[in-house]
Amino acid sequence: TTPAPTTPAPTTTTLPPTTTVAPTTTPAAGPKSCADLEPEDIAAALTVKTVKLPGALSSQCPGFRIGMSCRHAFYAALPNNDGAHALLFNDGDKNAVVVLFDSESNVVSTKVIGSEKVRGLKFEPSGAHLVALISGGTAVYTSPAYFVKMEVPSLNIVWTRPVDGKLVGLEKWTPDNTDAIAVSRDRYVLHSAGECWTGWCAGHQGDILRVLNASTGEEITREANDWTASHSCKQMIGYNPNSDTFLFANAGDYYPKALQFNRWSGGRTSGDTAIFDSWGNGGGSQGVTQGAIKADPSSTGFASVWSYGTEDGEPDKLYFATFDDSGAFDVQPKKVFPSTAGTQIGGNIAALAPGRWLLAYTEAPTDLITDYLKVYWDTWQVPGNVRTGGGRVAIVDSKGDVLGDPVDTAALGAPFPVEINHLV
């Protein structure tokens, strides 16, 4: 799904795994702005547009190894720009393909940037360049990850750089939909799962944080910081240009057994700035399913949403929290739907106005996540009716309280699979 340039409501992007078209949602013109949007306005504000891709989407990718379906896609757009937006996916030949669209979702440019698995896509804050992350699907010492910087609108490649590491490499089973990259004016930052291949941590897995110079693509090794959390099973990262600050998080199963937040700014990683207590068994099982961090455009801070299931069997529920620019909790983590039965997974958020957020997620009547390693999206075996009918959006305030009732966007013709929820 794709936003238009001056729209009354943010949108979600979905790409079903075995089709050659990408359904997109674009809010229709209306009297209200995003800041004034109410739940009862969403149905009238929502339209759906289908865009034909230049090639078939890959459906089976055995060469990408376990946990890597390569059937996923990444979407990027900038608010308040000329309406340009972009899609990164693997085609039927396993090529990594970037497609740039204009505000009417017409194809402007198409570029094959490699044959590796797609990992992430972002615009620079200025909109002058697109940045993609692709990876061969194994740790860096056998098949590295690459950053690719492209000009907009031509998609001419400015540079391609491997993400290297003498001790820790990009892990092969990083969650497919994770927000692994964040982009500022002068820094490109990768935060993901890393595998240690030698020395004291050989064979173990933590997180990897790599920093590249945006102009040259050279890695700034003194600013990197691997192993912020041991046994990091899930990761997320966001960037706020108002404070020139990155906030990233690790969901660990051992050290810590928690969702741990850290701040990166001025070339340095802070200590733990916020902790959400979870659980873990030291062998991969832990409580956090997936989440997202987004900048608050009205401040220097952030908001985050994630799903968490308890060790004693309570199904995954959505949690919401806000942060100041130091990375500390401003509003403490809060269960978004405390009295709702069933489960909510695959959450993402986008700012509507100061103190108002649009939340998109997938709802199901029963717990779906039986594998609490919670990284192999394809082994979740989410029922087809949940993928096509579970999409919901809700409006929450700065305290995480839901305003009105959630809206069933799937019933309005705008479904989005749990694996691919890119809300901008």
Side-chain angles (χ1 to χ4, degrees), residues 10 12 120 122 175 177-183 189 191-192 207 209 228-229 232-243 245-252 256 258-265 269-278 286-309 316-338 344-362 374 393-402 418 421-424:
T12 61
K122 298 288 184 184
N177 80 324
T178 186
D179 275 332
I181 59 175
V183 173
V189 179
H191 177 242
S192 193
D207 70 316
L209 189 137
T228 307
S232 174
C233 297
K234 287 298 177 70
Q235 310 81 34
M236 47 186 171
I237 187 169
Y239 170 72
N240 192 327
N242 296 333
S243 54
T245 297
F246 296 83
L247 183 68
F248 64 95
N250 293 281
L259 181 61
Q260 169 188 298
F261 293 88
N262 295 83
R263 175 180 182 268
W264 189 95
S265 184
T269 301
S270 68
D272 307 345
T273 59
I275 290 285
F276 171 79
D277 288 333
S278 179
Q286 48 84 50
V288 175
T289 304
Q290 177 265 349
I293 297 173
K294 293 293 181 66
D296 184 345
S298 67
S299 77
T300 55
F302 300 84
S304 180
V305 64
W306 62 90
S307 292
Y308 169 74
D316 293 83
K317 300 289 187 180
L318 281 172
Y319 284 76
F320 174 90
T322 63
F323 306 79
D324 61 26
D325 59 7
S326 74
F329 286 131
D330 189 9
V331 172
Q332 292 288 324
K334 179 177 182 177
K335 192 181 294 186
V336 179
F337 302 104
Q344 308 102 32
I345 54 177
N348 211 327
I349 51 173
L352 288 174
R356 289 164 57 85
W357 295 85
L358 189 69
L359 168 66
Y361 61 98
T362 293
K374 296 186 171 189
V393 297
I395 298 175
V396 299
D397 64 18
S398 60
K399 296 180 180 179
D401 293 326
V402 179
V418 61
N421 175 8
H422 300 294
L423 184 68
V424 298

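Scope of the values below: all heavy atoms of this structure, side chains included, with no hydrogens, waters or symmetry mates.
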Under the side-chain contact (heavy atoms from CB on, under 4.5 Å) test, residues paired with T273 that sit two or more places apart: L247, F261, R263, S270
As an exercise, state the distance from OG1 of T322 to CG of D397, rounded to the nearest 0.5 Å. 10.0 Å
For P256, what residues pass the side-chain contact (heavy atoms from CB on, under 4.5 Å) criterion, not counting sequence neighbours? A229, A258, Q260
Where at least one partner belongs to residues 318-337, residue pairs that pass salt bridge (Lys or Arg N to Asp or Glu O under 4.0 Å), sequence neighbours excluded: E314-K335, K334-D401
Of N348, V393, I349, the residue whose pairing with L359 passes side-chain contact (heavy atoms from CB on, under 4.5 Å): I349
Would you mind reporting whether I395 and L358 have side-chain heavy atoms less than 4.5 Å apart? yes
T245 side chain to N240 main-chain N or O, any donor-acceptor pair under 3.5 Å? no
For a 4.5 angstrom cut-off between non-hydrogen side-chain atoms, does F246 reach H191? no
Distance-minimising heavy-atom pair for Y308 and S278: CE1-OG, 3.3 Å
Distance-only polar pair, side chains of N262 and T228, donor-acceptor under 3.5 Å: no
Check: Y361 and V305 side chains under 4.5 Å, non-hydrogen atoms: no
Under 3.5 Å donor-acceptor, D296 side chain and A303 backbone: no
We want to know whether N250 and S232 form a side-chain donor-acceptor pair, criterion being a heavy-atom distance below 3.5 angstrom. yes
Nearest-0.5 Å distance that lies between atom NZ in K317 and atom CD1 in I345: 12.0 Å
